[in-house]
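Remarks on the structure that follows.
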There are 2 protein chains.
Amino acid sequence: MRLSDMLTQYIMDMLESEGNAEIRRNELADRFGCVPSQINYVLTSRFTPEQGYIVESRRGGGGYIRITRIRADKSTTLMHIINSVGESLDNITAQIMINNLKSASIINDEAARLMLSALSDRTLSGVAPSMRDRVRASIFKNMLIAII
Amino acid sequence: MRLSDMLTQYIMDMLESEGNAEIRRNELADRFGCVPSQINYVLTSRFTPEQGYIVESRRGGGGYIRITRIRADKSTTLMHIINSVGESLDNITAQIMINNLKSASIINDEAARLMLSALSDRTLSGVAPSMRDRVRASIFKNMLIAII
DNA sequence: ACATCTTTGGTCAGTAAAAGTCAAAGTCAG
DNA sequence: CTGACTTTGACTTTTACTGACCAAAGATGT
């Protein structure tokens, strides 16, 4: 296994268990028997903002490198939508919302199709018309909650 | 026997026994005493998506080429399940079916969670109990149809 | 306060280790 | 003979790793 993969793993594990990872560059390099700049390589290649991470650091005595995961958009956006949907939801509105989520790359094409299909009037034809929009709201919100 | 046929055989055998084949291009070329690009030729001529394979690779130190066989039976399996579900479907059965689809890698984790959530009793609590299992069957079948 | 270490981390360019591309040359069935 | 398939190798691109040198922040002595 590659050095960079092992370092990545190490940091990911730390993030997993602690929520954020704070390391000392030299110490880590020492433990893995590599040059300190290797740490920077791993950080710039695998923990970029595009990949959802923030890296902060400080030099001098007591210096550190802190890596934090940003779960930003997805959960925030989903929560926002869940809160905006009340007790009732019509099919057209649901379609618009789902397409918006897809355009924003928060859900993929398959998820979008699953949702659209689950919420369509045809699928819900067995539900009493008076309850249909309420059931649709329930299904939609619960599906979103499931993928937060 | 042709070089490309021997290489094809080698990779197929690997797929057969391991499920997927991960190779190092130079190493393999070396073993067969040919130029590395011969491997690429074999991959592009015999392991294309049309022929049911996915080829992933990575350059640089520690690079690799991974060949995986695509399961062509996705739609077949889905159709089978759709046909096996009648007018009514209870929650437990739905959960089992969804987990089976996931274990068989026919749907991913996100799709599984979406479905499980959409079909749960809690989500469908607004549907009259007498209709609930019928609505569940409808949603389930329509979701599966959407991803065929 | 200030100047001067000392202790960190940062940058960058160079080297090496893969895999990818493409076109020319070779082979072979029809 | 011809056209499609194979094989080769020179050149390209991407990724990994290292080391020398740089920059910043704390520590210390005056």
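Within every chain, numbering begins at 1; the chains are lettered A, B, ... in the order of the sequence lines, protein sequences first and strands thereafter.
Residue B:Arg58 places at least one side-chain N or O under 4.0 Å from the OP1 or OP2 atom of D:dA16. Look at B:Tyr41 and you won't find any side-chain N or O under 4.0 angstrom from OP1 or OP2 of D:dT7. Considering only side-chain N and O atoms, A:Ser37 lies nowhere under 4.0 angstrom from the phosphate OP1 or OP2 of C:dG9. Taking 4.0 angstrom as the limit, B:Arg59 places none of its side-chain polar atoms (N or O) nearer than this to OP1 or OP2 of D:dT13. For A:Ser57 and C:dG10, the shortest distance from a side-chain N or O to OP1 or OP2 is below 4.0 Å. Phosphate contact (OP1/OP2 of C:dG9, side-chain N/O of A:Asn26, threshold under 4.0 Å): present. For A:Arg24 and C:dT8, the shortest distance from a side-chain N or O to OP1 or OP2 is below 4.0 Å. Taking side-chain N and O atoms only, A:Arg46 has a distance below 4.0 Å to OP1 or OP2 of D:dA16.
For the pair A:Gln38 CD and C:dC12 P, the computed distance is 17 Å after rounding to whole Å. As rounded to whole Å, 15 Å separates atom P of D:dG9 from atom CG of B:Asn40. Taking atom CD of B:Glu22 as the reference point, atom P of C:dA19 lies 10 Å away to the nearest angstrom. Atom CZ in B:Arg66 sits roughly 13 Å away from atom P in C:dA19 (whole-Å rounding). The CD-P distance, from A:Glu27 to C:dT7, rounds to 16 Å in whole Å. Atom-to-atom, CZ of B:Arg2 to C1' of C:dG26 comes out at 13 Å; the value is rounded to the nearest Å. Whole-Å rounding puts the A:Leu3 CG to C:dA17 P distance at 15 Å. Rounded to whole Å, atom P of C:dG20 lies 12 Å from atom CG of B:Leu28.
Contact record, A:Thr68 with A:Leu15: CA-CD2, 4.3 Å, taken as the closest heavy-atom pair. Taking each heavy atom of A:Leu101 and A:Thr77 in turn, the nearest pair found is CD2-CG2, 4.3 Å. Nearest approach of B:Tyr53 to B:Phe47, heavy atoms of both residues: CB-O, 3.5 Å.
Here A:Gly60 lies in heavy-atom contact (under 4.0 Å) with a base. Looking at heavy-atom distances under 4.0 Å, A:Ile39 makes no contact with the nucleic acid at all. Using a 4.0 Å heavy-atom criterion, one finds that B:Gly61 contacts the bases of the nucleic acid, with or without backbone contacts as well. Note on B:Ile65: only backbone sugar-phosphate atoms sit closer than 4.0 angstrom, heavy atoms only; bases stay farther off.
With salt bridges taken as basic N to acidic carboxylate O contacts below 4.0 Å, one links B:Glu110 and A:Lys74.
No hydrogens or angles considered: nothing links the side chains of B:Arg132 and B:Asn91 as a donor-acceptor pair under 3.5 Å. Using modelled atom types, one finds no donor on one side chain facing an acceptor on the other under 3.5 Å when comparing A:Tyr64 with A:Arg25.
Nucleotides of DNA chain D nearest to A:Ser4 and B:Ser45 differ in position, and the one nearer the 5' end is that of B:Ser45. Nearer to the 5' terminus of DNA chain C, by closest-nucleotide assignment, is the contact made by A:Leu43 (compared with the other of A:Leu43 and B:Ile23). Comparing A:Gly62 and B:Pro36, the nucleotide of DNA chain D nearest to each residue sits closer to the 5' end for B:Pro36.
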